[in-house]
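Working notes, beginning with the structure itself.
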Amino acid sequence: MLHVALSNIKTYARRYIAVVLAVAIGTAFLAATLAVNSSTQATLKNSLGDSYKSADLVAYWDPSPSADPDQTTELTAKEIDGVRNLPGVSTAYGLGYAYGQLHTADNGYTIQIQPVDPNQGLGGMELLEGRAPLANNEMIIDDAHAKDMGISVGDVVALSDDQGKTQNINIVGIQRSSANPQTSAYALGGMSEKAWSHFAGDSAIFRDIVINSDGSIDAVRQDLQDYFADQKKIDVAVVTADQKVIDEVAQMTGGTDQLSIILIIFALIALVVTGLVVVNTFSVVIAQRTRELALLRTLGAKRKQIRSSVLIEALVIGIVASVIGVLLAIALMAGLIQLLHTLVPAMSYATLSMTPVGLAVPIAVGILMTVVAASLPARRAMKLAPLAALRPFDAASVKNRAGIVRIVFGAVLALIGVGLLVFGAVKGNLVVAFLGGLVSFPGILMLASLFVPSSVAGIGKAIAGKSTSRRLAALNAVRNPGRTTATATALLIGVTLVSMIMVGGQTAKASLNNSVAAEYPVDMMVSFYDGATSKAKAEELAKTIDGVDGVSATSTFTSSYADADLDMGEPVNIQLIAVDPREYAKTVLDQKVVPENGELILSQWETDKKSIEVAGQSLKVEESGALLSGNLITNETLKTLEIKDPSSYPGIIVKVDSSIAGSQINELVTEISDITGVESSMIDGGVVMKSMFTQIIDVLLTIVSALLAVAVLIALIGVANTLSLSVLERTRENSLLRALGLKKKQLQSMLATEAVLIGGVAALLGMVLGVAYGLLGAQSALASMGTLTYSIPWWQLAAVLAVSVIAALLASITPGRRAARLSPVEGLATE
């Protein structure tokens with residue numbers, strides 16, 4: 001039967017093109033998902049583990065869950081010296097950071113400094129220029145920030161510690177910038193271990209000890225564990241560098257790899273849709289070959305041999321398609337990472353990593369899925385008698401036992417799932433709602449044979465009119481209800497999920513934007529924390545910003561601290577924001593937070609008093625729930641308080657034009673940052689928060705929609721496959737229609753209408769389900785925010801429907817041309 005199976009594949013190769021494409025795409029998706037996981041681990045080692053990516057072992061404080069959070073084990077220079085003296089240890093250095101302010105002739109910068117020793121791997125740093133620091137007044141700095149500051153080897157800068165003590169420092173080297181996103185936000189400097197300990201003072205403790213060995217890693221690890229046990233530091237863990245990265249990621253994500261979980265879910269969706277396409281294809285292929293199978297039976301082939309022949313075909317196709325899919329995934333991931341390197345040079349540490357498991361699992365899953373999906377049609381072919389096999393298979397209906405079981409079971413699942421989904425939405429319980437979605441959706445799919453064919457038939461009659469080709473298309477689309485249901489279900493899954501994500505994301509954006517607008521009374525605040533900018537300079541900069549496109553108004557403020565009596569036993573030092581009420585009123589979104597002279601709008605504290613004493617003077621109190629960086633008073637009130645606060649600083653409030661697009665907010669922030677010299681990350685406010693939320697949701701929507709598009713693409717391949725097989729099945733019928741006067745264009749129009757009916761109805765039903773799931777899901781996930789703002793992206797949903805219809809129409813082109821090219825005489829002669 002192997003020879004028969006291979007001959008069938010060769011003879012009917014065109015029939016299996018859709019199967020190969022579907023399996024290859026589904027397998028490629030799974031392979032890419034696993035590659036993302038392994039590549040993420042490798043990339044994280046180059047980023048989070050940048051300081052110890054070439055190390056053997058890392059020791060760090062790892063307390064037990066029952067440990068007292070206030071009791072920490074400190075790793076000091078003493079422990080590092082002890083580790084260096086252990087046998088088998090070649091180098092060891094501590095990772096610890098002390099923060100200071102570095103001042104150049106032009107500006108000041110926050111810098112984090114770690115100890116380095118040229119004899120100990122330079123503390124994980126890599127010199128690009130100059131030499132390592134040796135004297136107490138020498139330092140190296142990373143190249144990216146050196147360029148930003150205009151610093152080069154040989155320059156002298158001023159360095160202040162957290163006590164305000166300043167010293168002159170010679171820059172003796174430039175090191176490679178760190179790829180660790182947790183530390184790369186600040187300038188990174190390096191001092192000799194002795195100088196660093198003196199600079200850090202009491203905070204001279206280490207987060208990790210990084211160790212390299214010149215012998216057995218396991219032996220050195222055991223020695224290290226024994227050493228820390230002798231030092232009564234039993235909660236110090238010693239792990240490999242790879243394990244340390246995994247532990248850090250687990251700590252950041254709460255022990256779960258959300259990205260991999262999400263990607264695997266979408267990969268499974270793609271594989272489910274692929275399975276539907278494979279089942280549909282093999283069902284129709286077997287139906288087309290019933291004469292051939294019956295002939296094999298008459299020649300002595302047993303039922304099991306017939307089944308084996310079909311499964312061997314599926315096995316060969318599965319192997320070929322799965323290998324192609326994995327190769328596609330490797331090429332895709334390599335291309336994406338190279339594109340990332342080109343577009344974002346700072347992400348040059350991103351690495352492609354393919355593990356043996358990541359290669360073997362997709363191939364195995366692809367083969368297994370293809371064989372399992374083909375086994376059901378194969379069993380049907382084996383059980384049917386030759387005469388019965390000449391008839392097409394019926395859909396599940398209440399007229400047969402299988403249909404009754406599936407429909408009853410589907411109805412039970414749908415009812416239970418919908419109940420859980422509604423309950424979760426009403427109670428704001430995302431877990432219950434998610435469980436309801438998982439239960440209800442498969443139930444609805446089981447019931448698809450009840451409503452999909454009837455929907456296709458109903459809409460077909462509605463659009464048919466007097467057109468012969470459209471009336472024939474409406475009849476042909478539901479001639480085999482089972483095939484129509486399977487094809488439409490594959491597309492319905494993808495469209496439902498895409499629509500659900502769109503509706504849920506749009507509702508989340510609208511609700512978050514309204515929530516932010518209610519809590520943040522100003523669009524942007526620019527604060528000059530460094531104290532180097534005067535009030536007059538701030539007013540001058542405000543006028544400049546006022547002329548920027550997208551800015552409708554500006555005002556200035558002064559921030560100071562003063563003691564206030566809030567009945568807490570002792571005076572509380574509160575932050576005051578002094579404004580000119582007339583100018584401030586032009587920039588604030590809520591006029592209720594515009595202060596009057598002698599009034600304090602308390603936004604960060606609560607009190608039952610009608611007035612409180614601030615800096616020895618009584619001020620009338622108005623409480624506000626608005627999120628402000630301080631408590632509002634007028635400039636006149638600030639003068640009467642006569643506060644002498646050396647940390648006082650000015651700032652600018654910016655009102656953004658309501659017509660500016662969310663995508664332009666970042667550009668506006670960057671322009672204001674360039675004008676003021678304040679880092680863009682330090683510019684906050686409601687419009688910045690809204691922009692951030694919107695961008696995050698938009699990115700997630702784009703990623704998720706792209707992932708789900710794979711399922712839709714596979715489903716559309718199924719539409720094309722169904723039409724192709726339908727053309728083969730109806731060769732004599734189509735030829736008879738041609739002989740009776742049906743023109744080529746009418747025949748192509750009939751097939752196109754048939755495709756549009758299947759694709760359009762599936763997309764329409766998917767959109768209805770997606771909107772329902774999206775609204776209920778958003779309610780369950782965001783109920784804690786208060787009143788939701790429901791928003792349905794009608795234009796985007798219309799685009800999904802249009803794309804589905806157009807894609808289905810395109811899928812009909814090749815089968816239509818094939819049917820039109822066949823002459824009536826040749827077609828009628830076909831057996």
Side-chain angles (χ1 to χ4, degrees), residues 18 21-22 25-26 29 266 269-270 272-277 280-281 441 444-445 448 451-460 462-464 470 473-474 476-478 483-506 701-702 704-724 726 748-774 792-816:
L21 285 175
I25 292 173
F29 198 175
F266 287 121
I269 292 171
V272 168
V273 176
T274 301
L276 290 172
V277 173
N280 192 33
T281 303
F441 194 45
I444 292 172
L445 295 181
F451 59 84
V452 169
S454 57
S455 299
V456 172
I459 295 177
I463 67 171
R470 287 201 295 268
N476 289 332
V478 292
R483 187 191 310 163
T484 299
T485 301
T487 303
T489 299
L491 183 58
L492 183 145
I493 292 172
V495 174
T496 297
L497 295 173
V498 169
S499 303
M500 178 186 71
I501 294 300
M502 284 182 173
V503 172
Q506 186 69 22
L701 286 177
T702 301
V704 171
S705 298
L707 296 177
L708 291 174
V710 175
V712 176
L713 174 62
I714 295 172
L716 290 170
I717 292 173
V719 173
N721 187 43
T722 297
L723 286 177
S724 297
S726 180
Q748 290 176 305
S749 175
M750 180 184 72
L751 292 170
T753 304
E754 189 176 339
V756 168
L757 277 174
I758 296 173
V761 170
L764 190 60
L765 293 174
M767 284 170 51
V768 173
L769 288 173
V771 169
Y773 278 115
I792 298 176
W794 296 110
W795 287 110
Q796 294 180 31
L797 293 176
V800 171
L801 178 61
V803 168
S804 299
V805 170
I806 293 171
L809 188 61
L810 294 174
S812 71
I813 292 176
T814 301

Original post:
Are the side chains of Leu797 and Leu801 in touch, meaning some heavy atoms are under 4.5 Å apart?
Top reply: no

**OP:** Drop me the distance from Trp795's CH2 to Met502's CE, to the nearest 0.5 angstrom.
**Re:** 14.5 Å

**OP:** Might you point out which heavy atoms bring Val805 and Gly760 nearest each other, and give the distance in Å?
**Re:** CG2-CA, 3.9 Å

Original post:
Which heavy-atom pair separates Ala448 from Pro453 by the least distance, and what is that distance?
Top reply: O-CD, 3.6 Å

Original post:
For the residue pair Phe441 and Tyr773, what are the closest heavy atoms and their distance?
Top reply: N-OH, 3.3 Å

Subject >> Nearest-0.5 Å distance that lies between atom CD1 in Ile463 and atom CG in Leu757 >> reply: 4.5 Å

Original post:
Taking atom CG of Leu765 and atom OG of Ser499, what is their separation to the nearest 0.5 Å?
Top reply: 11.0 Å

**OP:** Measure across Ile444 and Phe451 and return the closest heavy-atom pair with its distance rounded to 0.1 Å.
**Re:** O-CE2, 3.7 Å

Original post:
Closest heavy-atom contact between Ser804 and Val495?
Top reply: OG-CG2, 3.9 Å

Subject >> Interatomic distance, Leu764 atom CG to Leu769 atom CG [nearest 0.5 angstrom] >> reply: 10.0 Å

